[in-house]
Amino acid sequence: MDEMYIDFYNKLLGTYDDQFSVKGISGERVAERLSILAHIGLTEDNGSRRPGFSVLEREAKDRVIEWMYEAGLTVSEDGAGNVFGRLEGKSSDKAVIMSGSHLDTVPNGGHFDGTIGVLSALEVAQAWKETGYTPEKSYEVAIFTDEEGSRFNGGLTGSEAMVGDTDMEKTLLRKDYDDRLFEEVIQDVGLSVRGYGEAGRDLDEIETFVEVHIEQGKKLEKAGLPCGIVTGIAGPYWLKVTFEGLAGHAGNTPMDDRKDALVAAGEFIQKISTLPRKINDTAVATVGNIQVKPNGTNVIPGEVILFVDIRDIQFDSRTELVEKIIATGKKIQKRTGVNFIHQNVHDVAPVPIAEEYQEKLAKSMNRMGIKPSYLSSGAGHDAMIIGRHIPSAMLFIKSKEGISHNPKEWSDLSDCVQTIHVLKDYIERLQVV
């Protein structure tokens, strides 16, 4: 094995507590598999680059498929490249319990995002094989294609295909970072447009889905807890805002005779930053994309285009926040004379996690000696897409300093393995018919 593999593996085991390697779950096995996958698509910064529908994502899937067979699973793949490892239950006629995540990454990401969710789900099946346990209901480990969306600036495409939410007309018009059409790209990994369009599954076959993911935040680290229960996944609502003023000479136009689009936009940005906390402690609003025209040093800005990313885990409170943001823009227009134009360009419904599943996760955490902690997810996940159609739940693993989508992304192995124990207990509790 090369130096990177050895260093990563040793770092994982460096602070690991062997007391967690019980009931068939092996921290050493999880560390080895994380290290092997980390080496696929390794960047110069020791990060990860496995774009969706790439040969590297395919290589990672194939490696996990080998481990699926090792765990005694039968393996299938749909037309979108989603992989499912199935362990047949005693009552094979009953709907399955599914767990998993994704293996694709952002261009220079970390080695835990998505990957640990797949390996956690797989480790449950592996532990059952080690201990001779056969579940009452069938169990499936899922690997979803292209969750991150770094290739086509979209994402969650695999899970959308499985639940039948793909807009094929729009999808076929997508071009990747090399200006290649979607159809051409997926052919690189043996997929076809016809197969992709037929990837939808009979969702009555699935009872529930649960996803393990790193937190990508600092709440669990601050609380000193290895894992937490997700209460809901915030759906993003993107508002395109245009302020139309009047461009003019920066020297000859008096300050009291201007329609400065950037001044109006600046006031708008400042004011909306105060609105989320007035509505809900899980609500957020972000302006991260601004275009100023004509963008000259000695020219009063005549037009500003910006995008507001608005999120919350509750639909009603998110709607209220959107309305208040629009009302803020209209007030600025009335006072300044700078036109305010707004347009919705992206809308994904929030997905709250049912209290029933939160309570079951809490019981499993208590059984593992972990204090239940509750937190929302500001980022989208495959569970968000699946949760529109199937009851879903999520567990977050503590993230070091909240860093994610970065080579420095890190979760201690002890935290990962404790979360796997919670997942295993939770899935076993769902087996009660």
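As a basis for the values below, the full set of heavy atoms in this structure was taken, side chains included, without hydrogen atoms, waters or symmetry mates.
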Inset, instruction - Taking the side chain as every heavy atom from C-beta outward, state whether Phe8 and His39 have any pair of such atoms under 4.5 Å apart. - result: no

Legend entry - Short side-chain to backbone donor-acceptor contact, Asp104 and Glu147, under 3.5 Å: yes

Legend entry - Validation row: Tyr5, Ile36 side chains within 4.5 angstrom (heavy atoms): yes

Legend entry - Ionic contact status for Glu70 with Arg33, cut-off 4.0 Å: yes

Inset, instruction - Considering only NZ, NE, NH1 and NH2 on the basic side and carboxylate oxygens on the acidic side, decide whether Glu123 and Arg29 come within less than 4.0 Å. - result: yes

Inset, instruction - Salt-bridge test for Arg63 and Glu59: reply yes if a basic N is under 4.0 Å from a carboxylate O, no otherwise. - result: no

Legend entry - Residue pair Phe152 / Val185, side-chain heavy-atom distance below 4.5 Å: yes

Inset, instruction - Please round to the nearest 0.5 Å and tell me the distance separating atom NE2 of His389 and atom CG of Asp165. - result: 3.5 Å

Inset, instruction - Start with the C-alpha distance between Ser91 and Glu136, add both sets of side-chain angles, then the distance that settles side-chain hydrogen bond (donor to acceptor under 3.5 Å, both in side chains), and finish with yes or no. - result: CA-CA 6 Å; Ser91 302; Glu136 187 68 30; 2.5 Å; yes

Inset, instruction - For residues Ile290 and Ile269, determine if any side-chain heavy atom of one lies less than 4.5 Å from a side-chain heavy atom of the other. - result: yes

Legend entry - Ring geometry between Trp410 and Phe112 (parallel below 30°, tilted from 30 to 60°, perpendicular above 60°): perpendicular

Inset, instruction - Would you indicate whether the side-chain heavy atoms of Leu321 and Tyr237 approach each other to under 4.5 Å? - result: no

Legend entry - Any donor-acceptor N/O pair, Glu148 side chain to Thr105 backbone, under 3.5 Å: no

Legend entry - Any donor-acceptor N/O pair, Asp167 side chain to Lys170 backbone, under 3.5 Å: yes

Inset, instruction - Taking all non-hydrogen atoms of both residues into account, name the closest pair between Ser192 and Gly195 and its distance. - result: OG-N, 3.0 Å

Inset, instruction - Count the heavy atoms belonging to other residues, nucleotides or ligands that lie under 6.0 Å from CZ of Phe315, then report whether that count exceeds 12. - result: no

Inset, instruction - Take Thr282 and Asn280 through the side-chain hydrogen bond (donor to acceptor under 3.5 Å, both in side chains) test and state the conclusion after the steps. - result: CA-CA 5 Å; Thr282 57; Asn280 198 335; 3.2 Å; yes

Inset, instruction - State plainly whether the residues Asp62 and Arg58 are in salt-bridge range, i.e. N to O under 4.0 Å. - result: yes

Legend entry - Shortest non-hydrogen contact between Leu73 and Tyr69, atoms and distance: O-CD2, 3.5 Å

Legend entry - SB check Asp188 Arg180 (cutoff 4.0 Å): yes

Legend entry - Inter- and intrachain pairs under ring pair (Phe, Tyr, Trp, His ring centres under 6.0 Å), touching residues 188-207, at least two apart: Phe182-Tyr196

Inset, instruction - Return the orientation label for the Phe268 and Phe243 ring planes: parallel under 30°, perpendicular over 60°, tilted otherwise. - result: perpendicular

Legend entry - Audit row: Gln19, Asp17, side-chain hydrogen bond (donor to acceptor under 3.5 Å, both in side chains) steps and yes/no: CA-CA 5 Å; Gln19 69 165 313; Asp17 191 334; 2.8 Å; yes

Legend entry - Side chain proximity check, Gln431 to Tyr133, heavy atoms < 4.5 angstrom: yes

Inset, instruction - Measure the CD-CD distance between Glu409 and Gln216 for me, rounded to the nearest 0.5 Å. - result: 7.0 Å

Legend entry - Distance under 6.0 Å and angle within 45° of ring axis: Arg201 vs Phe209: no

Legend entry - Side chain proximity check, Val83 to Met68, heavy atoms < 4.5 angstrom: yes

Inset, instruction - Look at the side chain of Asn344 and the backbone N and O of His346, then say whether any donor-acceptor pair between them is shorter than 3.5 Å. - result: yes

Inset, instruction - Could you pull out the closest heavy-atom pair between Gly380 and Arg311, with the gap in Å? - result: N-NH1, 4.1 Å

Inset, instruction - Just grab all the salt bridge (charged side-chain N to carboxylate O under 4.0 Å, His left out) pairs involving residues 363-385, residues at least two apart or on different chains. - result: Arg367-Asp425

Inset, instruction - Could you tell me whether Asp347 and Arg318 make a salt bridge, using a distance below 4.0 angstrom between a side-chain N and a carboxylate O? - result: yes

Inset, instruction - Using distance alone, with no hydrogens and no angle criterion, decide if Ser399 and Glu215 have a side-chain donor and acceptor under 3.5 Å apart. - result: no

Inset, instruction - Please indicate whether Arg429 has more than 12 foreign heavy atoms, meaning atoms of other residues, nucleotides or ligands, lying under 6.0 Å from its CZ. - result: yes

Inset, instruction - Take Gln126 and Trp67 through the side-chain hydrogen bond (donor to acceptor under 3.5 Å, both in side chains) test and state the conclusion after the steps. - result: CA-CA 9 Å; Gln126 190 82 50; Trp67 299 331; over 6 Å; no

Inset, instruction - Assign the ring pair Tyr16 / Phe20 to parallel, tilted or perpendicular, where the plane angle (0 to 90°) is split at 30° and 60°. - result: tilted

Inset, instruction - Answer yes when Glu57 and Arg50 have at least one side-chain N-carboxylate O distance shorter than 4.0 Å, and no when they do not. - result: no

Inset, instruction - Identify which one of Asn82, Asp113, Thr145 satisfies the side chain to side chain donor-acceptor pair (under 3.5 Å) criterion when paired with His102. - result: Asp113

Inset, instruction - Tell me, please, whether Tyr357 has Lys360 positioned over its six-membered ring: NZ or CZ under 6.0 Å from the ring centre and within 45 degrees of its axis? - result: yes

